[in-house]
Trainee: 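Next up is a structure, given as structure tokens.
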Amino acid sequence: QVQLVESGGGLVQPGGSLRLSCASSGSIRLYAMAWYREAPGKQRELVARIARFGSTNYVDSVKGRFTISRDNVQNTVYLQMNSLKPEDTAVYYCNAVYLENTYWGQGTQVTVSS
């Protein structure tokens, strides 16, 4: 079992950057890790996923701007977000999946506004 804690959210101007971190209380080595986001009035959507061995996929709206990465020694997953847009405003959640086990963090708010 793992506990996930996100950090790094905040207020940023359009065009700016943020780096989100998701620290796990246990080893993430076996887990597929992902970042989701939930904007007000919208359903939670998958933003980026990184598999156990490092392959990645992204929702079309963030391709070329966001990068997901993982550090299996530090048990941390990152989301580097560049060229942020107001429509990226949401609560961002970290997610870990292995077989039937799914874990979520508590979320971190990202607000993109001038």
Trainee: Are the side chains of Tyr31 and Val2 in contact, using a 4.5 Å heavy-atom criterion?
Mentor: yes
Trainee: Quick check against the 3.5 Å criterion: does Glu6 have a side-chain atom that pairs as donor or acceptor with the backbone of Gly107?
Mentor: yes
Trainee: Is Tyr36 reachable from Val77 through a run of hydrophobic residues whose side-chain heavy atoms are each under 4.5 Å from the next?
Mentor: no
Trainee: Would you mind reporting whether Ser113 and Leu11 have side-chain heavy atoms less than 4.5 Å apart?
Mentor: yes
Trainee: What is the distance from atom CG of Leu79 to atom CZ of Arg19, rounded to the nearest 0.5 Å?
Mentor: 10.0 Å
Trainee: With rounding to the nearest 0.5 Å, note down the distance linking CG in Leu4 to SG in Cys22.
Mentor: 4.5 Å
Trainee: Please collect all side chain to side chain donor-acceptor pair (under 3.5 Å) contacts where either partner lies in residues 61-76, sequence neighbours excluded, each pair once.
Mentor: Arg37-Ser61, Asp60-Lys63, Arg65-Asp88, Arg70-Asn72
Trainee: Look up atom CD1 in Ile68 and atom CD in Gln80, then write down how far apart they are to the nearest 0.5 Å.
Mentor: 12.5 Å
Trainee: Heavy-atom count check: over 12 atoms from other residues, nucleotides or ligands less than 6.0 Å from Arg52 CZ?
Mentor: yes
Trainee: Could you tell me which non-hydrogen atom of Tyr93 sits nearest to which non-hydrogen atom of Gly105, and how far apart they are?
Mentor: CD2-O, 3.7 Å
Trainee: State whether the side chain of Thr108 and the backbone N or O of Gly9 hold a donor-acceptor pair below 3.5 Å, judged by distance alone.
Mentor: yes
Trainee: Taking a hydrophobic cluster as the set of Ile, Leu, Val, Met, Phe, Trp and Tyr residues connected by side-chain heavy atoms closer than 4.5 Å, whether directly or through intermediates, do Val91 and Val59 fall within one such cluster?
Mentor: no
Trainee: Quick check: closest heavy atoms across Asn82 and Ser17, and the distance to 0.1 Å?
Mentor: OD1-OG, 2.9 Å
Trainee: Please tell me whether Leu99 and Met33 are part of a single hydrophobic cluster in this structure, the criterion being side-chain heavy atoms less than 4.5 Å apart.
Mentor: yes
Trainee: Could you tell me the separation between the CH2 atom of Trp35 and the OH atom of Tyr92, rounded to the nearest 0.5 Å?
Mentor: 10.0 Å
Trainee: Please check if atom CD in Gln3 has more than 12 non-hydrogen atoms from other residues, nucleotides or ligands closer than 6.0 Å.
Mentor: no
Trainee: Calculate, to the nearest 0.5 Å, the distance between atoms SG and CD1 belonging to Cys94 and Ile28 respectively.
Mentor: 8.0 Å
Trainee: Decide whether Thr111 and Gln109 meet the rule of one side-chain donor and one side-chain acceptor closer than 3.5 Å.
Mentor: yes
Trainee: More than 12 non-hydrogen atoms from neighbouring residues, nucleotides or ligands closer than 6.0 Å to CD on Gln43, yes or no?
Mentor: no
Trainee: What closest approach, in Å, do Tyr98 and Leu30 show between heavy atoms, and which atom pair accounts for it?
Mentor: CD1-O, 3.2 Å
Trainee: Does the side chain of Leu20 come within less than 4.5 Å of Val110's, by heavy atoms?
Mentor: yes
Trainee: Within the 4.5 Å heavy-atom criterion, are Arg49 and Thr56 side-chain neighbours or not?
Mentor: no
Trainee: For Pro14 and Ser114, work out which heavy atoms get closest and say how close.
Mentor: CD-N, 3.7 Å
Trainee: In chain order, what residues pass the side-chain contact (heavy atoms from CB on, under 4.5 Å) check against Ala51, with sequence neighbours excluded?
Mentor: Ser55
Trainee: With a 4.5 Å limit on heavy-atom distance, are the side chains of Asn57 and Leu46 in contact?
Mentor: yes
Trainee: Under the ring pair (Phe, Tyr, Trp, His ring centres under 6.0 Å) rule, what pairs show up with a residue in residues 48-83, not counting sequence neighbours?
Mentor: none
